[in-house]
Chemist: 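Below is one structure. I have some questions about it.
Because the structure is a prediction, the values reported are computed rather than measured. A, B, ... follow the sequence lines: proteins, then strands. Residue 1 opens every chain.
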There are 2 protein chains.
Amino acid sequence: MFKGQYIYSVDAKGRISIPAKLRKHVSPESNDTFIMTQGTEKCIDVYPLDQWNVLESKIHQLNLFNPDHARFSRILLQNAFDDTLDSQSRILIPQNLLAYAGITKDVLILGVSTKMELWNPSFYEIYLNSSEESFEQIAAKVITT
Amino acid sequence: MFKGQYIYSVDAKGRISIPAKLRKHVSPESNDTFIMTQGTEKCIDVYPLDQWNVLESKIHQLNLFNPDHARFSRILLQNAFDDTLDSQSRILIPQNLLAYAGITKDVLILGVSTKMELWNPSFYEIYLNSSEESFEQIAAKVITT
DNA sequence: TACTTTTTGGGTGATTGTGGGGAAAAGTGG
DNA sequence: CCACTTTTCCCCACAATCACCCAAAAAGTA
């Protein structure tokens with residue numbers, strides 16, 4: 001389970017180091033491979049390979065002659081991009097994803113359960129302040145047991 | 001599983017390079033052979049041989065005395081065209097398919113699960129904006145588990 | 001403080017995408 | 001059947017990008 005927040009930087013080539021603390025939680029069968037794609041918020045989602053495969057097996061069963069299925073597959077897959085760690089434990093982020101998330105130099109890396117998220121730090125600040133409900137109110141709704 | 005989007009160009013002879021990242025996901029038994037045909041949208045579908053064979057076996061089971069089955073088979077097959085990669089990893093696209101998809105110079109190559117799609121970039125833009133439903137709504141319908 | 005681990009920066013050779021020339025093959029008309 | 005044109009295929013070459021390696025700076029640890 002990924003957790004924690006880390007302020008890192010993107011270098012001139014668009015590379016980002018994966019924090020050592022997060023790396024420790026990646027299962028070995030992922031083979032240092034990560035799939036990144038556009039998040040539902042203005043951020044980049046990064047899945048280790050084993051987590052991505054769960055999603056991929058569902059997509060594989062769809063019927064691409066069904067218009068809804070095809071549209072879903074196109075949108076989900078069009079911005080998906082995979083890469084493996086280099087010898088310095090970095091991955092390359094495509095320019096279009098960096099542009100989507102508004103990331104230029106500084107990047108906020110969040111560990112969120114089964115995936116990681118890459119944010120422009122000031123966008124995340126705005127996101128945190130954007131809800132009218134308090135953490136307590138949301139927590140009460142979400143955790144019911 | 002094919003994924004990602006790539007902006008490439010068609011040269012004067014009607015050839016298109018298959019992106020290296022997509023090539024990596026083509027199974028060896030396809031022998032560098034691809035079958036392209038008219039897509040259900042205004043684009044060109046490109047199947048590696050092994051995936052085409054899956055589709056072909058489905059077509060084989062159709063009843064050609066059923067008018068719908070016959071029409072589907074005719075349209076899909078009349079524009080089907082196969083080619084193998086040349087030494088520069090390119091395939092030749094027939095002029096009638098390029099015309100159908102409105103592709104002249106720039107081409108958007110989409111990895112969509114078991115196949116690839118070739119789009120006129122501006123047509124794809126229109127397609128994305130043509131749905132009244134949001135991605136979340138479609139996703140909820142498609143992924144039910 | 002000395003040492004290890006982690007993060008960041010950059011250089012270089014290999015791969016990839018694009019364009020085009022020329023030989024072989026196929027089609028066309030006499 | 002033969003010249004001629006057109007198309008198809010194979011090869012070479014260039015430019016841009018990417019993958020890989022080396023190394024320094026920074027941070028954490030004993």
Chemist: Going 5' to 3' along DNA chain D, between which two nucleotides do contacts with chain A fall, using a heavy-atom cut-off of 4.0 Å?
Modeler: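 For DNA chain D, the relevant span reads D:dA19 to D:dA23.
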
Chemist: Base, sugar-phosphate, or nothing: which does B:Ile18 touch, judged by heavy atoms less than 4.0 Å apart?
Modeler: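 Contact class for B:Ile18: sugar-phosphate only.
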
Chemist: Does any N or O donor sit under 3.5 Å from an N or O acceptor when you compare the side chain of A:Arg15 with the base of C:dG10?
Modeler: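 For A:Arg15, whose side chain was compared with the base of C:dG10, there is a donor-acceptor pair (under 3.5 Å).
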
Chemist: Taking only side-chain nitrogens and oxygens of B:Lys13, does any of them come within less than 4.0 Å of OP1 or OP2 of C:dG21?
Modeler: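 Answer no for this pair, as no side-chain N or O of B:Lys13 is under 4.0 Å from OP1 or OP2.
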
Chemist: Using a cut-off of 4.0 Å on non-hydrogen atoms, how would the nucleic acid contact of A:Asp86 be classed: base, sugar-phosphate, or nothing?
Modeler: nothing

Chemist: Contact class for B:Ser89 (heavy atom, under 4.0 Å): base, sugar-phosphate, or nothing?
Modeler: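 Nothing, no heavy atom under 4.0 Å.
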
Chemist: Is it the case that the base of C:dG20 and the side chain of B:Arg90 share a donor-acceptor contact (distance under 3.5 Å, atom types as modelled)?
Modeler: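 By the distance-only test, yes, there is a pair.
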
Chemist: What heavy-atom pair brings A:Asp68 and A:Asn66 nearest, and what distance separates the two atoms?
Modeler: N-OD1, 2.8 Å

Chemist: Taking all non-hydrogen atoms of both residues, which atom of A:His25 and which atom of A:Lys3 are closest, and how far apart?
Modeler: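 Here A:His25 and A:Lys3 meet closest at NE2-NZ, 4.1 Å.
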
Chemist: For a ring pair (Phe, Tyr, Trp, His ring centres under 6.0 Å) check, start with the C-alpha distance between A:Tyr127 and A:Trp119, then their side-chain angles and the critical distance, and finish with the verdict.
Modeler: CA-CA 10 Å; A:Tyr127 167 78; A:Trp119 285 81; 5.4 Å; yes

Chemist: Using a cut-off of 4.0 Å on non-hydrogen atoms, how would the nucleic acid contact of B:Lys105 be classed: base, sugar-phosphate, or nothing?
Modeler: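 Contact class for B:Lys105: sugar-phosphate only.
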
Chemist: Ignoring hydrogens and geometry beyond distance, is a side-chain donor-acceptor pair present between B:Asn120 and B:Ser122 at under 3.5 Å?
Modeler: yes

